[in-house]
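Have a look at the structure below before the remarks.
Note: hydrogens, waters and symmetry copies are ignored here, and every other heavy atom, side chains too, is used.
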Amino acid sequence: MNILYKSTRGGESGITSPLAIVKGISDDGGLFVPDHIPAIDVDFDTLKGYSYNELACYIIGKYFPEIENLKNCIDSAYDDKFDSDSRVDLVESCGVSFLELYHGPTAAFKDMALSLLPYLMTSSIKQLSLDKEVVILTATSGDTGKAALAGFAGVPGTKIIVFFPNDGVSSVQKMQMVTQGESNTFVYAIEGNFDDAQTGVKKIFADKELASYLSEHGYMLSSANSINIGRLVPQIVYYVHSYLELLRKGKLSEGDKINFVVPTGNFGNILAAYYAMQMGIPVNKLICASNENNVLTDFLTSGTYDRNRSLIKTNSPSMDILVSSNLERMLYHMSGGDESKVKNFMDKLSSEGAYSIDPEMKSNFDFVYGGYASEKETLDTINSVYRDCNYLMDTHTAIAYKVYSDYKASTGDSTYTVIASTASPFKFTMSVADAIGETGGETDEFKLMYSLSEKTGIKIPRGLDGIEKLKIVHDTTCKKEEMKDVVKKSLGL
Ligand SMILES: *Cc1c(COP(=O)(O)O)cnc(C)c1O
């Protein structure tokens, strides 16, 4: 039985995967979820012999059966643009395994999905015989923007428009985005924070009048944010891969459980771990690590999601989020697929900024542990792991490690643990160098990148090396109220 997609809010069902990918978000504002989660039906001994790309074909093929040239898509996406032959590296250090997901072209885990999404998108457009140019509209807290730009740059039949919060991204992140040269790319800084950018983009998606206006002019909007199911599914692969890798290395025997710790913002990456678990990977706990914007920690502890607080700018900017979009999918699954319940929660979130789940539903979340780390704890953790284990983490990964240490200390759980390592330390050079006491008074983040590399003996990722010399081609700032006009203008309308 082919998998079909439906909206978490009940307004749409029976949607094929190409349509779900192209639409990005459902007409009722809900997110597309599969009508069932497929099981892994090849034994682990066989799977152990698969390369990363073969595993990706197997897993993704179960979710997107209509994508005809999937193998070509995957082989084009995961090629030598990646610094690692196995695409992701699993590095054992300091009592855990770090699943390094940042060896792609933009040095953050977003590459795992966003190198593939453009291929899935163009293949879906072809299959649906759409005669429209797809306009990818993206709000970014830093890493999605560049990974999406890199993925869609120069892809025929697509344009991509990125909005980032002017003061909410690191110098390296900003430089990566504003130097993307291809003529189908548009990048704007907005005066506001990430939630402003994301809310603005969601508003544009919900604007029916704009949609029909764009349609008359040959355009349709789609999303490269993690609300798109085409982002989520490729992320399942690396969780399965890490389990198989631990079996290969003899760290685990088949059937042994593991914990996954995921530094979380929009809940996309950790949701992929949940899908891997539902497919048959034996998971003990999913550990959801947040920074000081700890809405998710509070939610997992109390059962109440409350975004009525100010967004705090932290040294882990990719997690500076108060409205965690993909939690909606998790609510759908944890409510046993109760769409009216989900719609209720989301209506409340938008009208009152908060909602509470009932105790029964909360107990379904028992396998998810939530914790958070402060900025100072983040820096201290980078330093101690570097000093004790000679392993250098970026700020996001450090939060995961710290929350895991707290979890382990309070529970005594000795289950083998994998930490999702989501960005290269060189993406957040200033904070990382500061943490290990190696700034040497240097305030230029780009210069610091080279000295950090020298001091630690770690190579700068290919995608970041020399970035300060690139030409800035996008330098427009806009107000959040102007986002819609900016979209039209970018399209020449
Ligand atoms: C996007 C991002 C995260 C958060 O991932 P979500 O899927 O939004 O939860 C964590 N770390 C880094 C480095 C990121 O770029």
Side-chain angles (χ1 to χ4, degrees), residues 2-5 8 17 20-21 31-42 44 47-48 50-67 70-71 73-74 77-78 82 86-88 90 97 99-102 104 109-117 119-120 147 224-247 257-264 266-283 285-288 325-330 332-334 367-368 418-422:
N2 263 5
I3 210 162
L4 289 170
Y5 291 82
T8 46
S17 60
I21 291 168
L31 308 189
F32 288 116
V33 279
D35 58 8
H36 64 282
I37 297 182
I40 292 172
D41 55 4
V42 171
F44 283 179
L47 286 182
K48 269 173 15 193
Y50 285 19
S51 67
Y52 191 88
N53 287 16
E54 285 165 343
L55 185 67
C57 265
Y58 169 68
I59 300 282
I60 300 172
K62 290 198 161 295
Y63 288 88
F64 302 151
E66 294 93 347
I67 304 284
L70 185 62
K71 187 180 180 306
C73 294
I74 286 171
Y78 304 137
F82 282 73
S86 49
R87 309 310 172 221
V88 298
L90 194 65
S97 275
L99 178 58
E100 294 182 349
L101 303 170
Y102 56 77
F109 92 94
K110 305 287 197 296
D111 286 326
M112 297 312 299
L114 282 165
S115 343
L116 181 60
L117 186 64
Y119 293 100
L120 296 175
N225 278 98
S226 60
I227 50 175
N228 194 316
I229 192 73
R231 276 274 306 267
L232 185 66
V233 167
Q235 297 177 354
I236 303 169
V237 179
Y238 47 73
Y239 289 106
V240 177
H241 167 84
S242 70
Y243 191 77
L244 296 170
E245 190 67 13
L246 290 169
L247 292 178
K257 292 197 167 183
I258 54 170
N259 297 327
F260 287 119
V261 193
V262 187
T264 302
N266 247 333
F267 211 81
N269 202 5
I270 193 167
L271 186 71
Y274 170 71
Y275 275 58
M277 171 182 174
Q278 291 308 101
M279 293 185 79
I281 298 302
V283 170
K285 288 271 183 201
L286 294 182
I287 298 172
C288 173
S325 299
N326 270 291
L327 185 64
E328 178 168 350
R329 285 192 170 106
M330 196 64 168
Y332 172 87
H333 295 298
M334 293 300 105
F367 68 100
V368 189
V418 168
I419 292 192
S421 181
T422 50

Validation row: Ile287, Ile270 side chains within 4.5 angstrom (heavy atoms): no
Atom pair CG/CG of Leu47 and Leu247 - distance to nearest 0.5 Å: 9.5 Å
Straight-line distance of Ser115 OG to Ile74 CD1, nearest 0.5 Å: 11.5 Å
Considering all heavy atoms, the nearest Met112-Phe82 contact: SD-CE2, 3.6 Å
Atom pair CZ (Phe64) and OG (Ser17), whose distance is rounded to the nearest 0.5 Å: 6.0 Å
Heavy-atom side-chain proximity of Cys57 to Tyr50 below 4.5 angstrom: no
CA sep, side-chain torsions, deciding dist, call: Phe260, Ile419, side chain to side chain contact (heavy atoms under 4.5 Å, CB included): CA-CA 6 Å; Phe260 287 119; Ile419 292 192; over 6 Å; no
Main-chain N/O of Ser226 paired with Asn326 side-chain donor or acceptor, under 3.5 Å: yes
Other residues, nucleotides, ligands: >12 heavy atoms within 6.0 Å of Lys71 NZ: no
Shortest non-hydrogen contact from Ser325 toward Leu31: O-CD1, 3.6 Å
Parallel, tilted or perpendicular, as decided by the 30° and 60° cut-offs, for the rings of Tyr274 and His333: tilted
Short side-chain to backbone donor-acceptor contact, Arg231 and Ala224, under 3.5 Å: yes
Any donor-acceptor pair under 3.5 Å from Arg329 side chain to Phe32 backbone: yes
Nearest-0.5 Å distance, CG of residue Leu327 to OG1 of residue Thr264: 10.5 Å
Closest contact, heavy atoms only, Leu120 versus Gly230: CD1-O, 3.9 Å
Heavy-atom pair with the smallest gap, counting every atom of Tyr52 and Ser86: CB-O, 3.8 Å
Any donor-acceptor pair under 3.5 Å from Ser51 side chain to Glu54 backbone: yes
Heavy-atom side-chain proximity of Val261 to Lys285 below 4.5 angstrom: no
Test item: Ser242 side-chain N/O and Val240 main-chain N/O as donor-acceptor pair under 3.5 Å: no
Steps toward side chain to side chain contact (heavy atoms under 4.5 Å, CB included) verdict (Val262, Cys288): CA-CA 5 Å; Val262 187; Cys288 173; over 6 Å; no
Residue pair Tyr102 / Val88, side-chain heavy-atom distance below 4.5 Å: no
Spacing of CE belonging to Met277 relative to CD1 belonging to Ile281, to within rounding of 0.5 Å: 11.0 Å
Step-by-step side chain to side chain contact (heavy atoms under 4.5 Å, CB included) determination, Ile40 to Tyr58: CA-CA 9 Å; Ile40 292 172; Tyr58 169 68; 3.9 Å; yes
Pair Ile3-Asp35, side chain to side chain contact (heavy atoms under 4.5 Å, CB included): steps then yes or no: CA-CA 6 Å; Ile3 210 162; Asp35 58 8; 3.7 Å; yes
Atom pair OH (Tyr238) and CG (Leu101), whose distance is rounded to the nearest 0.5 Å: 5.0 Å
Under 3.5 Å: donor-acceptor pair, side chain of Tyr239, backbone of Asn269: yes
Under 3.5 Å side-chain donor-acceptor pair for Ser421 and Glu100: no
Side-chain touch Ile60/Leu70, heavy atoms, less than 4.5 angstrom: yes
Shortest non-hydrogen separation from Ala273 to Leu286 and the atoms involved: CB-CD2, 3.8 Å
Validation row: Tyr5, Ile229 side chains within 4.5 angstrom (heavy atoms): yes
Close side-chain approach of Tyr78 and Pro234, heavy atoms under 4.5 Å: yes
Closest contact, heavy atoms only, Asn228 versus Ile21: ND2-O, 2.9 Å
